[in-house]
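Written out below as structure tokens is the structure these notes cover.
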Protein chains: 2
Amino acid sequence: MKEQDLCCEEACVHPEHIEAAKSHMPDEDSLFSLAELFKVFSDSTRIRIMCALADEELCVCDIADLLGVSQSAISHQLRLLRASHLVRTRREGKSVFYSLDDHHVHSILREGLDHIGHTSKGREENENV
Amino acid sequence: MKEQDLCCEEACVHPEHIEAAKSHMPDEDSLFSLAELFKVFSDSTRIRIMCALADEELCVCDIADLLGVSQSAISHQLRLLRASHLVRTRREGKSVFYSLDDHHVHSILREGLDHIGHTSKGREENENV
DNA sequence: TCAACATATGAACATATACTCATATGTTTC
DNA sequence: GAAACATATGAGTATATGTTCATATGTTGA
């Protein structure tokens, strides 16, 4: 049989814990949106773009030059960032300037850096993924 | 020609802005680790696992049951979470209990939820990715 | 030691995604 | 309007990744 895998069909599950956990779970839509948001943060090119924009706006070719990535690749990534409301644009003549669109970008990056700072300190033991 | 794409080879680039941005960029290793960390947050199954563990530890089959995902899939995902130091384990007999390993999990999820809360409010106009 | 159970893991497969290339769109200057 | 330039985008491709399936590992009780 194979309905829901039926692992630990009796004793092991803790129904009261499951109910408690269920009660404070965000709704499905939020969970999906959350994953989508962090997906945007999950590529180092996009992270580098956001870091580059941390202090001031830059045009597309500035970013491409700064990161050593092709204009096309940058443009594709900027599109994703914009779709997630993480950057905004301002046109000035032929150039388009991008800047961060949300204070959460800073907070999220900071929390992330904080985490990797902590984990890299004294816990190199289980790097064997 | 094709060396570095040579977009805006002269006038457009703003060298002083590029230098400024360069100066406050995290080092390459951190940027890579950051992306790796957020990659873990970029899947809704893993997000759901972390939310489920927000208040209390759960054993593997609890999580599988709660999320309606196979034991194997959960186990694979837990491995990633553990490798990123986001969850920790405690064995009790045949069961293995997982719990959050880091206060950053809460902060990161909260910032993320905050962001999607803001963007979903009145800006449905550019959902056309 | 063996059966039963909970969890972990390797291989395989289907899908997602980041880049390149070619080209389109939009802007300025002549 | 045409040329030059900055940016955007569609198609194609190589790689990454999440799940399933089969099976291994580890624990308990007989």
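Note that the coordinates shown come from a computational prediction; the quantities given were computed from them, not determined experimentally. Just so you know, these numbers use all the heavy atoms, side chains as well, and skip hydrogens, waters and symmetry mates.
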Quick one: label B:S95 by what it contacts on the DNA or RNA (base, sugar-phosphate, nothing), any heavy atom closer than 4.0 Å.
sugar-phosphate
Working to the nearest 0.5 angstrom, can you tell me the gap between B:L37 CG and A:S42 OG?
10.5 Å
Which nucleotide sits closest to the side chain of B:S72: D:dA8, C:dT9, C:dT20?
C:dT9
Of all the nucleotides listed (D:dT19, C:dT27, D:dT7), which has the minimum atom distance to the side chain of B:H76?
D:dT19
Check each residue of residues 45-56 of chain B for a non-hydrogen atom within less than 4.0 Å of any atom in DNA chain D, then write out the ones that pass by number, or none.
B:T45, B:R46
Using the side-chain heavy atoms of A:D43, tell me which of these nucleotides is nearest: C:dA11, C:dT27, C:dA18.
C:dA18
From the options D:dG10, D:dC5, C:dT7, select the nucleotide whose nearest atom is closest to the side chain of B:V60.
C:dT7
On the side chain of B:Q71, is there an atom forming a donor-acceptor pair with the base of C:dA8 - under 3.5 Å, no angle test?
yes
Approximate separation, where rounding is to 0.5 Å, of B:E56 CD and A:H24 NE2:
6.5 Å
Regarding the side chain of B:R79, the nearest nucleotide among D:dT19, C:dT9, D:dT9 is C:dT9
Answer yes when B:R48 and A:E28 have at least one side-chain N-carboxylate O distance shorter than 4.0 Å, and no when they do not.
yes
Judged by each residue's nearest nucleotide on DNA chain D, which is more toward the 5′ side, B:E92 or B:E36?
B:E36
So what does A:Y98 touch, heavy atoms closer than 4.0 Å: a base, only the sugar-phosphate, or nothing?
sugar-phosphate
Can you tell me whether the side chain of A:S70 and the base of C:dC19 have a donor-acceptor pair closer than 3.5 Å?
no
So, A:H115 versus B:D102: side-chain donor-acceptor pair below 3.5 Å or not?
yes
Looking only at D:dC5, C:dT20, D:dT7, the nucleotide nearest the A:V96 side chain is D:dT7
Given D:dG26, C:dT7, C:dG26, which nucleotide is nearest the side-chain atoms of B:K94?
D:dG26
Would you say C:dC19 has OP1 or OP2 under 4.0 Å from some side-chain N or O of A:Q77?
yes
Does the side chain of B:L53 come within less than 4.5 Å of B:Y98's, by heavy atoms?
yes
Nucleotide D:dT7, atom P - distance to CG of A:L81 in whole Å
16 Å
